[in-house]
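Have a look at the structure below before the remarks.
Keep in mind that this is a model prediction, so the values were computed, not measured. Computation of the quantities below employed the complete heavy-atom set of this structure, encompassing side-chain atoms and omitting hydrogens, waters and symmetry-equivalent molecules. Here is how names work: the chains are called A, B, and so on, in the same order as the sequence lines, proteins then strands, and each is numbered from 1.
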Amino acid sequence: MFRKILIANRGEIAVRVICACKDLGIKTVAVYSEADRHALHVRFADEAICIGPAKSARSYLDVAAVISAAEITNVEAVHPGYGFLSENADFAEVCEVSGVKFIGPKPDVIRRMGLKQHARTIMQDAGVPILPGSIGVLNTLEEAASIAAQIGYPIMLKAAAGGGGRGMRIVRSEKDLPAFLAQAQSEAAAAFSCGDVYMEKLLETPRHIEFQVLGDEHGNVEILGERECSIQRRHQKLLEESPSPSVSAELRTRISDRLRTAMKSIGYTNAGTVEFLMDEHENLYFIEVNARIQVEHPVTEFVTGIDLVKAQLRIAAGEHLEDVLTGPLTLSGHAIECRINAENPETFAPSPGRITGLNLPGGIGVRVDTAAYTDGIIPPYYDSLVAKLITHGKDRTEAVQRMKRALDMFVIEGIYTTIPLHEQILSNEDFVAGRFDTTFLSKLNFKNGESGEHQVDIKPEAAQGPPLSPPLRAVMSAGDD
Amino acid sequence: MFRKILIANRGEIAVRVICACKDLGIKTVAVYSEADRHALHVRFADEAICIGPAKSARSYLDVAAVISAAEITNVEAVHPGYGFLSENADFAEVCEVSGVKFIGPKPDVIRRMGLKQHARTIMQDAGVPILPGSIGVLNTLEEAASIAAQIGYPIMLKAAAGGGGRGMRIVRSEKDLPAFLAQAQSEAAAAFSCGDVYMEKLLETPRHIEFQVLGDEHGNVEILGERECSIQRRHQKLLEESPSPSVSAELRTRISDRLRTAMKSIGYTNAGTVEFLMDEHENLYFIEVNARIQVEHPVTEFVTGIDLVKAQLRIAAGEHLEDVLTGPLTLSGHAIECRINAENPETFAPSPGRITGLNLPGGIGVRVDTAAYTDGIIPPYYDSLVAKLITHGKDRTEAVQRMKRALDMFVIEGIYTTIPLHEQILSNEDFVAGRFDTTFLSKLNFKNGESGEHQVDIKPEAAQGPPLSPPLRAVMSAGDD
Amino acid sequence: MTIDEIKELIHLVRDTGVTELEVQRGENRVRIRSAPDHKEIMVPTVVPVPLTASGGITSAAVPAPAREAAPAPSAPLPREDERDVIVKSPIVGTYYDAPAPGAAPFVKTNDRVEPKQVLCIIESMKLMNEIEAELAGTLIAKHVENGRPVEYGESLFTIRPL
Amino acid sequence: MTIDEIKELIHLVRDTGVTELEVQRGENRVRIRSAPDHKEIMVPTVVPVPLTASGGITSAAVPAPAREAAPAPSAPLPREDERDVIVKSPIVGTYYDAPAPGAAPFVKTNDRVEPKQVLCIIESMKLMNEIEAELAGTLIAKHVENGRPVEYGESLFTIRPL
């Protein structure tokens, strides 16, 4: 096992990796930007190195700064977390060249998984269902029109090297195809220096379902069940659960078997996630591979009992998957994760600032992953994730009850958070019944019912702004009179 | 199910009961003393009633005040927690008379379990092993001398109505018997208005092991495994775990079977615990029944997956045990609880005061039950329990690793706590190997090795006093420059 | 630590503008905090209501000091300069302002009250507990409506001494 | 601890402008807090060291501002009044004070330095990055020993401008 590793990340995931390292007796080196000098990952790592100013491009995304930090601290490996450099194949390559183990898949695997159309072909070859569409890149308008006619409108144009919506176009009828194809190609060229575009059938109301993968460095791959991630706001996941209310044991087994084959054929190592869309007939269609640990990995940990970050470290150190997993996979109970973001729950505008009062929920069936503390700062430079609140129960009902309770007892003062939004979701009849898809959140209306399907009431104390409630801290100050 | 209940307690257990009620959709009424006006149980209950001044005798122990609060808030039941009125048979009786369900065993069962010698006889009749000793109360010195000669010195004299060490004497040779018997009798008479004394063989280095019981109101009883509670300081438990490293599956089954019979014969309902001592040959001997939920119940919850407080509520509402437990008992993994008390870890002197900085540990396998928050007060009037830190792992090793990590990341500033003591215990070779008994803690030496078997180093920052560490809050204040 | 020493400490705090002073000598401890001139939290006047307080019985959770301040909102005088005396409930129970349903109340606002005069009854566990005045004065406020539950320490009456 | 001593401490607190002072002598303890005249905290004088800092490379975690203050502890002047200029490391890497092992250092204390003059080398990913002076002055302090790793923003030199 490694003696010392560097964690090339910040926030809750950096703390999460520190936890796994402490559990394994591995020393940790935190890196931080000047904005994170007093962050919790800096406090709890064994060593800490300032690598640059607040801006990510000059700190957490700066390959030279991170590698230099790894070199001067003499670490054996780097854990990239998620985001930042985690899916940067060049960074993984520089790590290898520098003699530092990159905790993740091989650089060429990361690179190939980043080429969406390439991943699509691999999956199709392994018998994993993919969305109907072009087999490769679209070469001509005629070819595009012919494929579209065959699979039927609406269709989606996507950049082959893409992500984040750039180079994407929804085409609803043939007359729009020429213009939209040209737009998608030029946008892709501008954004990714590669104008290649491919076509997929558009599912209007899909569910988002993903499978957790672990592969060791000896050719073994295992699939650890699925996660349901349909509660999204503009392609950003907000609430995830495992298992999915809409995946049967038969479907899980069938997809897992094919994924095992596909991921083995790729030579996939370490943790990864394969994302699917599900149509209204419960057919799953592959969309992409995320070659890293996911934000929502704790729901899988709760139902499988497997510590995924510990597994990442052990696999990277050369252990065999059968030792890491100890026994056949069993799924036990149900887990839900709510992402508590520093955002106005109504407008979704980021709400950075100082946390003036904090009560973390605890008790039975509750897990909190966070780097927040009273008087801590949520800086405006990075993502808005303040905490992940995860609950587990013997079934979905118990997990939901515990989540409602935990949200109720989660107090964050000084900033807006998504807690009231999650409370609305958890109380929604369709959500409780498991009837939802990726359009669910867009139908929730946070302006007191002017439009939208679901009627929503924001609690007054949540809607009014940062002084959300009688200040916890002030209440306390009066306590010693 | 109940619509609304009152929680006749404070601190973490009051919050624990509120959690279970929220999970079941039951409204809660908190009661509080003037010292607890800003306590977390007051904040998170649906209603709150001040019942008296700080002193327990005039608030949490005041039967009239608690019953009046129950009446004016129109609750259907009262949960007594542990301590305070939880094993007060008169209180349970007044609840019944007032038409309020007492969530616990029947008053006469509580009363009978309080008579130690009576409980001992019941257990013996059911085939549960008891410590060799007198069958009933000692009537004459001659009788005492004859029994002592038979079972062999050292022996222990105990008050029949006793508890807390009063009326207790260890007798190591026959010549001391007359004087110590007289002392024990007069002390018992003074403390409990009953001079009855019985005799038990003294185990010099026992383990303390207890079994969790649940009984419904339809005659069904189940035993939910055991807890190991040998890490004690002056009969006060500090660290508990489940399962016990020294209880075999065969022993567990045998004792559980006999306990099931015994508790059924008593007519035991709701949650309870049967305490045993174990000698060096792994024989268990009954000592007493605690007719309430225990502080250390979460370790059982972690390994059985059963929410014991929810079970208490459902049983009290008349549900059948088979519905509450859903399926046969399975023990999964290993759980450990550390009691984080507001105490000087070296002298054990209470350390009430204001919590000026707080970081609760989280992450995989960690549960925290607490009523503490930044700027909250630990009042000097009640017990010193600040938080219960519970970890779970697939085996004892993983549970220990996670506990060490969680202790490391548990920051409490402004008061002394037992965290450094727990860190020492968790790092102790004998503890890790499972080799310990109730004398373990007394052999740990916190004065840097002047005497005692285990060598212990207190971290300087922990030994120096309330400003335990570079203040978390101060670190944070500098964070927004 | 003598009174004179503490007095000196208080003067020191006031004169120097220090907001808080805490002194501990062995078992003895003194902490002095001084409210700043402007908008720092004057605790007694803004004692916050716990989140859960939202009407009905729950309003009983409002800390008593907040109610004390209520009768004289326009006169934020220091506690020791205030002549009015608050009669608080010594027990939890139900408040009755008359000896029997339909009977005349024990006292009305502006009544003259005498020591030992019964002001109300608080029922607790079927027992009727009479609450008496402890001094002579004018009853200037009744804070609780007939039949309403009261908690320990809740303000019942304000009496202005003669 | 005598009153006079405490008095002295309070005056100290007021005169120095710190917001809180806590003194403990055996069993005795004094804590003094003072409201700041203006609400911004004077961070640099009290920058705390994270718990993790405990020697070796870890000491690199000491916030840079704490080091800035170090050269002139007797002169707690506001930042903008200070003439001395701190040269900080613009990158993470290993510090070398000479162009080659065994060679004479680029600069010594009390040396006169000129703009563009090379002060040291910081090695990062096998690249030798020369760090130059930005102004003319006297090099009054070198803060890092040869061969030691430095983090971003770490103080390397203090230059007193001409």
Side-chain angles (χ1 to χ4, degrees), chain A residues 15-16 18-20 22-25 35-40 43-44 298 301-302 305-310 326 332-333 353-354 357-370 373-377 387 393-394 398 401-402 404-406 408-409 411 472-473 475-480, chain B residues 15-16 18-20 22-25 35 37-40 43-44 298 301-302 305-310 326 332-333 353-354 357-370 373-377 387 393-394 398 401-402 404-406 408-409 411 472-473 475-481:
Chain A
V15 173
R16 171 72 188 90
I18 290 172
C19 287
K22 283 181 185 284
D23 290 352
L24 288 169
D36 280 339
R37 199 172 284 287
H38 302 295
L40 225 50
R43 182 182 172 106
F44 288 123
E301 294 185 321
F302 249 143
I306 294 159
D307 186 324
L308 289 171
V309 178
K310 234 160 95 171
T326 59
S332 151
R354 181 189 289 276
L358 180 67
N359 186 65
L360 297 183
I364 191 165
V366 174
R367 168 177 169 183
V368 181
D369 278 28
T370 188
Y373 50 79
T374 305
D375 277 348
I377 302 289
K394 62 180 185 299
E398 190 169 68
Q401 285 167 342
R402 287 175 174 168
K404 288 170 83 165
R405 177 244 299 175
D408 192 33
M409 298 173 80
V411 180
L472 188 65
R473 298 276 298 286
V475 168
M476 308 334 178
S477 307
D480 66 337
Chain B
V15 173
R16 171 71 189 90
I18 290 172
C19 287
K22 283 181 184 287
D23 290 353
L24 289 169
R37 199 173 285 287
H38 303 295
L40 225 50
R43 182 181 172 108
F44 287 124
E301 294 184 323
F302 248 143
I306 294 159
D307 186 324
L308 289 172
V309 179
K310 235 160 96 171
T326 59
S332 151
R354 179 188 291 275
L358 180 68
N359 186 65
L360 296 183
I364 192 166
V366 175
R367 167 178 171 185
V368 181
D369 278 28
T370 187
Y373 49 80
T374 305
D375 277 349
I377 302 290
K394 63 179 187 297
E398 191 169 67
Q401 285 167 342
R402 287 176 174 169
K404 287 169 83 165
R405 176 245 298 174
D408 193 31
M409 298 173 80
V411 181
L472 185 67
R473 297 275 297 285
V475 169
M476 309 333 178
S477 308
D480 64 339
D481 54 359

* Hey, what do you get for CD1 (A:Ile364) to CZ (B:Arg367), rounding to the nearest 0.5 Å? -> 5.0 Å

* **A:Ser332 portion near chain B, given a 4.5 angstrom heavy-atom threshold** => neither

* Structure fact -> When the 4.5 angstrom heavy-atom criterion is applied to A:Lys394 and chain B, the contacting part is side chain

* Asked: Looking at B:Arg16, B:Arg402, B:Glu301, which makes the most heavy-atom pairs under 4.5 Å with chain A?
  -> B:Arg402

* Structure fact -> If you tally heavy-atom pairs under 4.5 Å between each of B:Leu360, B:Asp307, B:Val368 and chain A, the highest tally belongs to B:Asp307

* Provide the closest heavy-atom pair for B:Asn359 versus A:Tyr373 in the form atom of the first, atom of the second, distance. => OD1-CB, 4.3 Å

Output the option from [options] having the highest count of non-hydrogen pairs under 4.5 Å with chain B.
{"options": "A:Gly363, A:Ala406, A:Gly362", "result": "A:Gly363"}
{"options": "A:Gln401, A:Met409, A:Glu398", "result": "A:Met409"}
{"options": "A:Asp23, A:Ile18, A:Val15", "result": "A:Asp23"}

* Answer yes or no: is there a side-chain heavy-atom contact under 4.5 Å between B:Arg43 and A:Val411? => yes

